[in-house]
Structures are given as structure tokens and as C-alpha cells.
*Asks:* 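Below is a structure I'd like to ask you about.
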Amino acid sequence: MEFAWLKTFVTAAEYENFKRTADVLFISQPTVTVHVKLLEKELGIKLFQREGRRVKLTEEGVRYLEHAKKLLHVYEEGLKDINSFSQGYTKKLSIAISPLIADTILPFVLKSYTKRYPEVEIDVKIAESVDIEEIVLNEEVDLGLSCLKSTNTNLHSEMLYKDEVVFVAPHDGRDFETAPPLDEEELLENNYLLTHNHPAYWDTLSLLIKNKIPSVKMMKVSQIHITKRFISEGLGVSFLPRSTVRRELLEGRLLEVYSHSFSLPDANTYAIMKYHHEKQKEFLTFLKRYYI
């Protein structure tokens with residue numbers, strides 16, 4: 001049995017059209033027909049039945065499709081593994097990271113880690129914090145970096161970093177030393193408050209702010225990088241983890257405003273693991289050097 005036959009069969013099952021299958025695989029339509037016939041002969045079953053210009057899986061074809069997908073997956077994973085080995089990789093670490101955490105110093109940390117451990121191949125999956133627990137539990141990745149602590153008893157959750165939340169506003173163009181201080185309540189009364197860019201603290205904080213300043217106008221913006229762009233363009237203000245706005249504050253693109261009206265929460269970063277194996281331990285030890 002040729003894996004090319006399996007690839008053709010799985011693709012034809014998806015598109016239900018031999019011509020479309022040929023276009024997708026960059027082969028001729030007669031080749032598609034030959035591949036299917038050879039696979040049918042090998043298996044001793046009929047995989048497709050024709051319905052006009054389209055083809056439909058037979059009952060046997062439906063049953064065999066899942067097996068074909070599994071065989072292809074094993075084959076392709078083997079190719080990826082041997083390709084990684086030929087490039088000098090001898091270990092592999094897969095990580096799920098929330099977009100918010102990816103917007104901190106993490107890219108610099110990953111770059112430093114790959115230089116220190118060139119034999120480790122890193123795979124990064126960007127996922128929302130609310131989804132990372134399930135991704136780790138299903139063993140789609142070795143490690144998750146999330147803004148939310150896991151409550152699943154089958155997972156190990158470890159706090160890596162406690163980040164203070166700061167009130168951030170657009171730069172007003174005035175000199176820092178001579179300009180009067182910005183007033184927190186005035187900013188909240190005269191600008192949109194951009195909320196829910198962090199999964200942990202906004203429900204409580206927005207209620208606290210609304211009770212203090214009933215006239216505040218809120219706008220939900222789910223992504224941290226969009227929130228920062230909106231603030232820099234003068235669209236609103238927000239309360240963000242310091243690590244996510246460190247560069248913008250240093251470069252003068254955003255301003256930190258002293259917050260005296262509210263008790264601000266912390267924004268925590270957690271490592272979530274199903275197994276506490278050596279490769280996870282090694283990466284976390286390296287990571288903690290930058291976050292402590």
C-alpha cells in the first residue's frame with residue numbers, strides 16, 4: 001500500500017469530487033482514479049459510489065476513512081520527527097500560550113532559550129487562557145502558560161509571576177516634569193474604559209469602577225494588543241498588567257496614571273502541566289530567571 005493512495009482517498013472523501021481532488025493535490029484526474037482503484041483492490045472493498053459528477057463514500061469507505069486518517073497522521077508525524085532530527089533537534093517541547101502572555105517579554109525569553117538549548121525544538125500554540133487547561137489535559141501540548149489557575153485535579157498548576165495592574169492612558173504630548181498630574185476620575189469620566197482584555201480581574205474591577213463613577217462608559221476589547229493600539233490612538237483608557245505595557249511606557253507611547261480611587265488587583269501568570277517531566281522542569285527553571 002502506498003501512502004499516496006491514502007492521501008488521495010482522504011482528500012477525495014473531503015471534497016467528494018475527483019477533479020477538485022486532483023487540483024488540490026497537483027496531480028491529474030486519471031491519477032486520482034488510479035490511486036482509488038489500487039487502494040480498493042488492496043483492501044478488497046469499494047470506497048466510493050458515483051452520484052452524477054460527485055462521488056460519495058460507501059458504507060465501507062466511511063468505516064475505513066478514520067483508519068486512513070490515522071495511518072496518514074502516523075506517517076506525517078514520522079516525517080516531521082526525522083526532519084527535526086536531521087536539523088539537529090533531539091528534544092521537543094510544545095507550549096500553549098495565551099495572547100496576553102505572548103505580548104510580554106516571553107518572545108525574548110523563547111529566543112534566549114533556543115540559543116541556550118539549540119537541540120530543543122519549540123512548538124508554540126496560541127490559545128485563550130480559558131482553553132489552555134483542556135489543551136494540556138488532552139496532551140496536545142506539554143505545558144501551558146495561562147492567566148488563569150487550573151482547578152482540574154489531574155493537572156499541576158504553578159504560579160510563575162505576580163504582575164501589578166496599572167492605569168494606562170494615551171500620551172498627552174506634554175512634558176512629564178512640568179505637566180500637571182493626570183486625574184484618574186476625570187480620565188474615566190471623559191474616555192471609554194476598555195475592559196475585558198484580561199480573563200481574571202475585569203468582572204470585579206468594572207463593577208467597582210461603575211459603583212464609584214456611574215457615568216463611566218465601557219467598551220469590551222478582548223485582545224491586549226488591540227487595547228494598547230486603541231489607547232495610543234486616543235480611543236480610551238484601561239487597567240493593564242505592567243508587563244504588557246512596559247515597552248510602551250518606556251518609549252513614551254502610553255502614560256501610567258497614579259490610581260488612588262481603587263484597590264487594583266494583581267494579574268498572575270500560571271504554568272499548567274499534566275506531567276512534571278524533565279523538559280518541563282528545565283524550561284520553567286529557565287523562564288523563572290526572567291520573571292522573578
*Asks:* Does I135 reach the side chain of K125, with side-chain heavy atoms less than 4.5 Å apart?
*Replies:*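 Of all side-chain heavy-atom pairs linking K125 with I135, at least one is under 4.5 Å.
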*Asks:* Just jot down the salt bridge (Lys or Arg N to Asp or Glu O under 4.0 Å) partners of K56, sequence neighbours excluded, or say none.
*Replies:*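 Listed in chain order: E16.
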*Asks:* List the atom of F167, the atom of S238, and the distance in Å for their closest heavy-atom pair.
*Replies:*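 The pair with the smallest heavy-atom distance is CD1-O, 3.4 Å.
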*Asks:* About how many Å separate CG of D266 and CG of D163, when rounded to the nearest 0.5 Å?
*Replies:*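 One gets 8.0 Å once the value is rounded to the nearest 0.5 Å.
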*Asks:* Show your reasoning for whether side-chain hydrogen bond (donor to acceptor under 3.5 Å, both in side chains) applies to S232 and E248.
*Replies:* CA-CA 9 Å; S232 65; E248 289 81 3; over 6 Å; no
*Asks:* Hey, what's the ring geometry for Y64 with H67, parallel, tilted or perpendicular (30° and 60° as the breaks)?
*Replies:*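 Plane angle between 30° and 60°, so tilted.
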*Asks:* For a side-chain hydrogen bond (donor to acceptor under 3.5 Å, both in side chains) check, start with the C-alpha distance between S259 and E184, then their side-chain angles and the critical distance, and finish with the verdict.
*Replies:* CA-CA 6 Å; S259 178; E184 177 186 30; 2.6 Å; yes
*Asks:* Taking W202's backbone N and O only, do any of them form a donor-acceptor pair with S206's side chain (distance below 3.5 Å, no angle check)?
*Replies:*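 Side chain of S206 to backbone of W202: a pair is present.
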*Asks:* Which distance, rounded to the nearest 0.5 Å, do you find between the NZ of K111 and the CG of L106?
*Replies:*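 Between atom NZ of K111 and atom CG of L106 there are 14.0 Å.
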*Asks:* Is it true that D103 and K228 have a side-chain N and a carboxylate O under 4.0 angstrom from each other?
*Replies:*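 Salt bridge between D103 and K228, a charged N being under 4.0 Å from a carboxylate O: yes.
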*Asks:* Shortest non-hydrogen contact from P170 to G236?
*Replies:*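 Heavy-atom minimum between the residues: CD-O, 3.6 Å.
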*Asks:* Find out whether K274 and H156 are in side-chain contact, i.e. whether some heavy atom of one side chain is under 4.5 Å from a heavy atom of the other.
*Replies:*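 They are not in contact (no side-chain heavy atoms under 4.5 Å apart), so the answer is no.
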*Asks:* Is a donor on one side and an acceptor on the other found under 3.5 Å between the side chain of E133 and the backbone of T151?
*Replies:*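 Present.
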*Asks:* May I ask you to decide if L57's main-chain N or O and Q49's side chain share a donor-acceptor pair within less than 3.5 Å?
*Replies:*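 Checked: no pair found.
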*Asks:* Between OG of S112 and CZ of F286, what distance do you get to the nearest 0.5 Å?
*Replies:*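 Nearest 0.5 Å value for the OG-CZ distance: 5.0 Å.
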*Asks:* With no hydrogens and no angle check, is any side-chain donor or acceptor of K210 less than 3.5 Å from a backbone partner on V216?
*Replies:*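 It does hold such a pair.
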*Asks:* Rounded to the nearest 0.5 Å, what separation is found between the CG atom of L249 and the CG atom of L255?
*Replies:*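 L249 atom CG to L255 atom CG measures 8.0 Å (nearest 0.5 Å).
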*Asks:* Has N138 got a side-chain atom pairing as donor or acceptor with E140's backbone, closer than 3.5 angstrom?
*Replies:*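 Here the side-chain-to-backbone pair does not exist.
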*Asks:* Taking the basic N atoms (NZ, or NE/NH1/NH2) and the acidic carboxylate oxygens, is any pair closer than 4.0 Å for R242 and E256?
*Replies:*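 The answer is yes: the pair qualifies as a salt bridge.
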*Asks:* For a 4.5 angstrom cut-off between non-hydrogen side-chain atoms, does K7 reach E76?
*Replies:*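 Heavy-atom side-chain distance check passes, below 4.5 Å.
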*Asks:* Tell me, do L38 and E2 make a side-chain contact under 4.5 Å, heavy atoms counted?
*Replies:*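 They are not in contact (no side-chain heavy atoms under 4.5 Å apart), so the answer is no.
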*Asks:* Is the count of non-hydrogen atoms from other residues, nucleotides or ligands lying under 6.0 Å from Y192 atom OH greater than 12?
*Replies:*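 Counting other residues, nucleotides and ligands, OH of Y192 stays at 12 neighbours or fewer.
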*Asks:* Got a second to check how far M219's CE is from N191's CG, nearest 0.5 Å?
*Replies:*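 The distance works out to 10.5 Å.
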*Asks:* Is there side-chain contact between I95 and D123, with heavy atoms separated by less than 4.5 Å?
*Replies:*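 No - every pair of side-chain heavy atoms lies 4.5 Å or more apart.
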*Asks:* With a 4.5 Å cut-off on side-chain heavy atoms, are Y117 and L93 touching?
*Replies:*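 No, too far: nothing below the 4.5 Å cut-off.
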*Asks:* Look at the side chain of R54 and the backbone N and O of Y15, then say whether any donor-acceptor pair between them is shorter than 3.5 Å.
*Replies:*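 Confirmed, R54 side chain pairs with Y15 backbone.
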*Asks:* Over 60° means perpendicular and under 30° means parallel, so classify the ring planes of H198 and Y201, tilted if in between.
*Replies:*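 Parallel, since the angle between the ring planes stays under 30°.
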*Asks:* Under 3.5 Å, side chain of S94 to main-chain N/O of D142, donor-acceptor pair present?
*Replies:*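 Looks like yes, one N/O pair under 3.5 Å.
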*Asks:* Could you walk me through whether T8 and T11 satisfy the side-chain hydrogen bond (donor to acceptor under 3.5 Å, both in side chains) test, starting with their C-alpha distance in whole Å, then the side-chain angles of each, then the deciding distance to 0.1 Å, before giving a yes or no?
*Replies:* CA-CA 5 Å; T8 301; T11 307; over 6 Å; no
*Asks:* Please determine if R229 and E233 form a salt bridge, counting it only when a charged side-chain N lies under 4.0 Å from a carboxylate O.
*Replies:*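 Here R229 pairs with E233 in a salt bridge, since their nearest N and O are under 4.0 Å apart.
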*Asks:* If Ile, Leu, Val, Met, Phe, Trp and Tyr residues are connected whenever their side-chain heavy atoms lie under 4.5 Å apart, and connections chain through other members, are Y258 and V245 in the same group?
*Replies:*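 Different clusters.
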*Asks:* For the residue pair F48 and A13, what are the closest heavy atoms and their distance?
*Replies:*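 Scanning both residues, the minimum pair turns out to be CZ-N, 3.8 Å.
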*Asks:* Which heavy atom of Q280 sits nearest to which heavy atom of Y275, and what is that distance?
*Replies:*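 The answer is NE2-O, 3.1 Å.
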*Asks:* Is it true that E158 and K288 have a side-chain N and a carboxylate O under 4.0 angstrom from each other?
*Replies:*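 Yes.
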*Asks:* What I want to find out is whether E60 reaches K46 closely enough, with some N-O distance under 4.0 Å, to be called a salt bridge.
*Replies:*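 No, E60 and K46 are not salt-bridged.
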*Asks:* Nearest 0.5 angstrom please: K220 NZ to L193 CG, how far?
*Replies:*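 Reported to 0.5 Å precision, the distance equals 12.0 Å.
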*Asks:* Please check: side-chain N/O of D131 versus main-chain N/O of A127, any donor-acceptor pairing under 3.5 Å?
*Replies:*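 No, D131 side chain to A127 backbone: no donor-acceptor pair under 3.5 Å.
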